[in-house]
There are 2 protein chains.
Amino acid sequence: MQDGGARHTGRVFSVLSKTERHNAIRDLVATTAISNQEELRRKLIRRGFDVTQATVSRDIHELHLYKGPSGYALPSGNGNGHLREEEDSGLPAVHEVLRSFGLKVKQAQNQLVLITASGGAQPVALAIDHEDWKEVVGTLAGDDTVLIICPDQKSASKLKARLEEMIG
Amino acid sequence: MQDGGARHTGRVFSVLSKTERHNAIRDLVATTAISNQEELRRKLIRRGFDVTQATVSRDIHELHLYKGPSGYALPSGNGNGHLREEEDSGLPAVHEVLRSFGLKVKQAQNQLVLITASGGAQPVALAIDHEDWKEVVGTLAGDDTVLIICPDQKSASKLKARLEEMIG
DNA sequence: AAGCGCACTGCATATTTATACAATTGATTT
DNA sequence: AAATCAATTGTATAAATATGCAGTGCGCTT
């Protein structure tokens with residue numbers, strides 16, 4: 001269902017169609033404005049893919065495209081995803097996440113910049129937030145960097161020491 | 001058309017309805033899974049907003065929401081949105097987003113840390129950026145935290161007061 | 001107060017999107 | 001080779017979303 005490739009049985013070469021079409025769709029969606037499936041269908045036809053609206057609808061599903069004010073768009077990779085679940089308290093202790101993800105801490109005035117392994121910033125920041133330390137005014141996490149804002153330079157230093165100890 | 005507020009003529013107090021509803025929608029969309037307008041309609045009704053699907057459809061337009069694989073989503077501020085032109089001032093006023101997402105503001109020197117509901121940071125930061133306030137040097141948004149850099153401690157205090165007032 | 005203009009909304013309906021079902025095709029098994 | 005199976009797609013239609021039009025109500029002007 002997913003790839004259409006040789007994965008399971010059946011189809012192995014006609015692939016030249018569906019996957020190609022998906023790529024074409026990604027390209028079209030990324031570079032041109034497409035406000036509905038008929039429009040996308042027409043553009044696909046111009047590129048040699050003769051399909052119906054039903055197929056286009058299915059493709060859009062498989063590609064996880066979004067539809068917004070200005071037409072279809074690619075999945076943002078970032079924020080949109082994890083709106084759902086989340087659950088509750090199951091967070092690992094800071095020292096655990098730090099031990100696995102933490103790399104180093106740098107200080108700039110009242111701010112700390114915590115470098116983590118790739119993809120580790122969010123979980124680390126979450127864990128830190130949960131500690132409710134008074135040295136932490138707030139955190140901001142990207143992919144591998146966490147910015148920690150402290151009330152002042154002094155508390156930043158203190159926190160830095162603590163974090164470094166945890167990183168080991 | 002945009003605000004429904006006192007902007008032009010007419011309506012100034014019934015606003016208690018449409019804008020409130022918009023906030024409720026932002027909140028619902030950010031915190032729960034909503035896969036179609038009927039569902040959103042039902043949830044709105046449970047919150048006391050008795051509207052039809054048509055109105056919900058219009059609201060979704062005005063709020064620039066996206067619809068993706070997992071239901072409706074807020075404009076990501078980031079990747080998804082403005083690939084396209086952008087048109088005019090389509091962003092909701094700060095006080096609107098703040099009312100729905102803002103939780104509290106903390107100050108550290110010349111920085112403000114604005115805590116928002118989960119998923120609210122991007123839209124809030126976007127709105128703030130758009131205001132072009134001289135107290136704002138720049139913003140950084142994660143998932144539920146916005147860092148606002150101000151020129152100095154004094155302007156930070158001033159801005160803090162203003163934001164707190166908006167949060168209510 | 002009468003008249004006008006505009007925001008807002010419901011109703012009915014047009015437009016757009018999703019999907020149940022059946023047909024086709026090529027690989028795999030017996 | 002016949003039977004079988006999974007993948008893919010079209011057709012027809014259901015489901016979801018958008019919108020033209022008309023009605024209502026408030027504020028402003030006259």
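Naming: A, B, ... by sequence-line order, numbering from 1 per chain.
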Exercise for review: Return the set of residues passing side chain to side chain donor-acceptor pair (under 3.5 Å) with B/K160 (not counting sequence neighbours), or none when no residue passes.
Suggested key: B/E164
Check your understanding: Going 5' to 3' along nucleotides 14-19 of chain D, which nucleotides have protein heavy atoms under 4.0 Å from the base (write B), which only from the sugar-phosphate (write S), and which from neither (write -)?
Key -> --SBBB
Review point. Given atom NE2 of A/H22 and atom C1' of D/dT8, what is their separation to the nearest angstrom?
Key: 10 Å
Study note, to complete from the structure: For A/T139, the side chain to side chain donor-acceptor pair (under 3.5 Å) test, sequence neighbours excluded, returns A/D129
Check your understanding: Base, sugar-phosphate, or nothing: which does B/D59 touch, judged by heavy atoms less than 4.0 Å apart?
Key -> nothing
Exercise for review: Verify the neighbour count for atom NZ of B/K106: are there more than 12 heavy atoms of other residues, nucleotides or ligands below 6.0 Å?
Suggested key: yes
Exercise for review: Name all residues meeting the side chain to side chain donor-acceptor pair (under 3.5 Å) criterion together with B/Q53; count only those two or more places apart in sequence or in a different chain, and write none if there are none.
Suggested key: B/Q37
Review point. Atom CG of A/L44 and atom P of D/dG10: how far apart are they, to the nearest Å?
Key: 11 Å
Check your understanding: Can you name the residues that form a side chain to side chain contact (heavy atoms under 4.5 Å, CB included) with B/R162, not counting sequence neighbours?
Key -> B/W133, B/E135, B/K158, B/L159, B/M166
Exercise for review: Output yes when at least one side-chain N/O atom of A/R21 is less than 4.0 Å from OP1 or OP2 of D/dT8, else no.
Suggested key: no
Exercise for review: Return the value, rounded to whole Å, for the distance between atom CZ of B/F49 and atom C1' of C/dC8.
Suggested key: 15 Å
Exercise for review: Whole angstrom is fine here: how far is it from CG in A/L65 over to P in C/dT17?
Suggested key: 12 Å
Exercise for review: Check side chain to side chain donor-acceptor pair (under 3.5 Å) between A/T55 and all other residues, then give those that pass, not counting sequence neighbours.
Suggested key: none
